Undergrad: 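Take this structure first; my questions come after.
Side chains are part of it too, since the values below use all heavy atoms of this structure and drop only hydrogens, waters and symmetry mates. This is a predicted model, so every value here is computed, not measured.
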Amino acid sequence: TLQRQNHHDLKAFLDENEGAYAAEKLRTERLQWLADTKQWQEYLDYYRPRSDIALLCHHKTALLEAGVTEGLFQQISPLWSKGKSQPGACNQAFKYFESHPLFDDPVVWQRFRQAISNQEIGLARHLSKKFKKPEATLWAKRWIRSHDTPHSVLTEEYLTEENLIGREVLFHALRRLAKSDFNNAEKHWSRISGAQTLSKAELNQGNAILAIAAATKEHKNQIFYLDQIENRFANAEVEELRMRRGIQLRAWEQLSRWTL
């Protein structure tokens, strides 16, 4: 069997046929067996760059076991930072990564944002426990709540704080609510945009969120909100919706402004 194959003969065959389908399939099988049996030095001997996340993480574990840690934090970073749960093969490498002096709250925020974007809320909850500063933990919990119950978050006074993360929480809640209950989101945005000191970019961002939701739902106010966005803040999605909905609804006056 492959497990009993003479180490030197097999390695010579794989090296001579590197890149060939059959050889690479054998190498992958060998690497998995070596990881399962924790033969880490031999794993390093056989390893060639792979796209498989588990094999990549096993490689970082093998380096750890060999005491090769120079630059290892940077190597693990792109694996840890993915906004979705990773296989158990990554646990040892991730434990090292999270105990490293360079592991800090901005690193956690990067993965947290990706998890939220991917709707990986279980992972986001897990990550919320890894912040070092209590304030960061608090905002992470608020962000998760904005995903679960956006209508309740949009009434909170803490959204009036001029805080970058607070703005992200605000727009996440608004986007979530606009998808499920547009009329309620519209009421909240009318109050928030009038009461808060929002920048021009932030006002346009909120209007774009409502415009996209309204156009998607073919809401009666879709042209109104599409027209509330300044042309310089209109992204590709907004521009496409303007053209499609503007023509369908014969909004010629607005179309003329949007295409200036």
Undergrad: Quick one: ring-ring contact (aromatic ring centres under 6.0 Å, His included) partners of H151, sequence neighbours excluded?
TA: none
Undergrad: Kindly say whether K187 contributes a backbone atom to a donor-acceptor pair with the side chain of S190 at under 3.5 angstrom?
TA: no
Undergrad: Any salt bridge between R257 and E253, counting N to O under 4.0 Å?
TA: yes
Undergrad: Keeping to residues at least two apart or across chains, list the disulfide bond (SG atoms under 2.5 Å apart) pairs with something in residues 218-260.
TA: none
Undergrad: Please list all pairs passing the salt bridge (charged side-chain N to carboxylate O under 4.0 Å, His left out) test where one or both residues lie in residues 119-129, with sequence neighbours left out.
TA: R125-D148
Undergrad: For L123 and F112: C-alpha separation, side-chain torsions, deciding distance, then whether side chain to side chain contact (heavy atoms under 4.5 Å, CB included) applies.
TA: CA-CA 8 Å; L123 175 59; F112 181 91; over 6 Å; no
Undergrad: In Å, rounded to the nearest 0.5 Å, how long is the span from CD of Q110 to CG of D104?
TA: 10.5 Å
Undergrad: Rounded to the nearest 0.5 Å, what separates atom CH2 in W189 from atom CD1 in I209?
TA: 7.5 Å
Undergrad: Strictly by disulfide bond (SG atoms under 2.5 Å apart), give each pair with a member in residues 103-161 just once, sequence neighbours left out.
TA: none
Undergrad: Please tell me whether K60 and Q75 have a donor and an acceptor in their side chains that are separated by less than 3.5 angstrom.
TA: yes
Undergrad: Are any side-chain N or O atoms of R27 and backbone N or O atoms of Y46, one a donor and one an acceptor, separated by less than 3.5 Å?
TA: yes
Undergrad: What is the distance from atom CG of L31 to atom CG of L56, rounded to the nearest 0.5 Å?
TA: 10.5 Å
Undergrad: With salt bridge (Lys or Arg N to Asp or Glu O under 4.0 Å) as the test, would you mind laying out the steps for E156 and R142 before giving the verdict?
TA: CA-CA 10 Å; E156 295 288 358; R142 287 170 172 173; over 6 Å; no
Undergrad: Taking salt bridge (Lys or Arg N to Asp or Glu O under 4.0 Å) as the definition, give me every residue that meets it alongside R245, ordered by chain and number, with sequence neighbours left out.
TA: E218
Undergrad: Counting only heavy atoms from other residues, nucleotides and ligands, does the tally under 6.0 Å from NZ of K217 exceed 12?
TA: yes
Undergrad: In plain terms, say whether R50 and E24 are close enough for a salt bridge, that is, a side-chain N and a carboxylate O under 4.0 Å apart.
TA: yes
Undergrad: Judged by atom type as modelled, is there a donor-acceptor pair below 3.5 Å linking the side chain of S199 to the main-chain atoms of E202?
TA: yes
Undergrad: Which side-chain N or O atoms in residues 233-240 pair as donor and acceptor under 3.5 Å with protein atoms at least two apart or in another chain?
TA:
| unit_1 | atom_1 | unit_2 | atom_2 | d |
| --- | --- | --- | --- | --- |
| N235 | OD1 | E237 | N | 3.2 |
| N235 | OD1 | V238 | N | 2.8 |
| E240 | OE1 | R244 | NH2 | 3.0 |
| E240 | OE2 | R244 | NE | 2.8 |
| E240 | OE2 | R244 | NH2 | 3.4 |

Undergrad: Pair W40, L63 - check side chain to side chain contact (heavy atoms under 4.5 Å, CB included), show working.
TA: CA-CA 8 Å; W40 298 118; L63 291 172; over 6 Å; no
Undergrad: For S146 and R176, which I'm curious about, is there any donor-acceptor pair between the side chains at under 3.5 Å?
TA: no
Undergrad: Report the C-alpha distance between R30 and Y43 in whole Å, list the side-chain angles of each, state the deciding distance to 0.1 Å, and finish with yes or no for side chain to side chain contact (heavy atoms under 4.5 Å, CB included).
TA: CA-CA 8 Å; R30 182 69 171 184; Y43 189 98; over 6 Å; no
Undergrad: Test of understanding: with salt bridge (Lys or Arg N to Asp or Glu O under 4.0 Å), list the residues that count as partners of R242, not counting sequence neighbours.
TA: none
Undergrad: Any disulfide bond (SG atoms under 2.5 Å apart) involving residues 10-88? Give me the pairs, sequence neighbours left out, ordered by first then second residue.
TA: C57-C90
Undergrad: Quick check for you: to the nearest 0.5 Å, what is the distance between I229 atom CD1 and I212 atom CD1?
TA: 6.5 Å
Undergrad: Ignoring hydrogens and angles, tell me if any N or O in the side chain of N118 forms a donor-acceptor pair with the backbone of G83 under 3.5 Å.
TA: yes
Undergrad: Is there a path of hydrophobic side-chain contacts, each under 4.5 Å between heavy atoms of I, L, V, M, F, W or Y residues, that connects L198 with L164?
TA: no
Undergrad: When the side chains of residues 132-141 are checked against the rest of the protein, which donor-acceptor pairs come out under 3.5 Å, sequence neighbours left out?
TA:
| unit_1 | atom_1 | unit_2 | atom_2 | d |
| --- | --- | --- | --- | --- |
| K132 | NZ | F103 | O | 2.7 |

Undergrad: Return the CZ to OG distance between R111 and S77, rounded to the nearest 0.5 Å.
TA: 10.5 Å
Undergrad: Testing the 3.5 Å rule here: is there a donor-acceptor pair between the side chains of E186 and Y225?
TA: yes
Undergrad: Spell out, as yes or no, whether a donor-acceptor pair under 3.5 Å connects the side chain of D181 to the backbone of L177.
TA: no
Undergrad: Do side-chain atoms of Q222 reach the backbone of H219 as a donor and acceptor pair under 3.5 angstrom?
TA: yes
Undergrad: Does any part of the side chain of M243, heavy atoms only, come nearer than 4.5 Å to the side chain of L255, both counted from C-beta?
TA: yes
Undergrad: Could you note down all residue pairs passing disulfide bond (SG atoms under 2.5 Å apart) where residues 219-260 supplies at least one of them, sequence neighbours left out?
TA: none
Undergrad: Rounded to the nearest 0.5 Å, how far does CG of L210 lie from CZ of R175?
TA: 10.5 Å
Undergrad: Step by step, work out the side chain to side chain contact (heavy atoms under 4.5 Å, CB included) result for L102 and F97.
TA: CA-CA 8 Å; L102 292 177; F97 183 82; over 6 Å; no
Undergrad: Name all residues meeting the salt bridge (Lys or Arg N to Asp or Glu O under 4.0 Å) criterion together with R232; count only those two or more places apart in sequence or in a different chain, and write none if there are none.
TA: E230
Undergrad: Could you work out, with salt bridge (Lys or Arg N to Asp or Glu O under 4.0 Å) as the rule, every residue matching R113, not counting sequence neighbours?
TA: E168
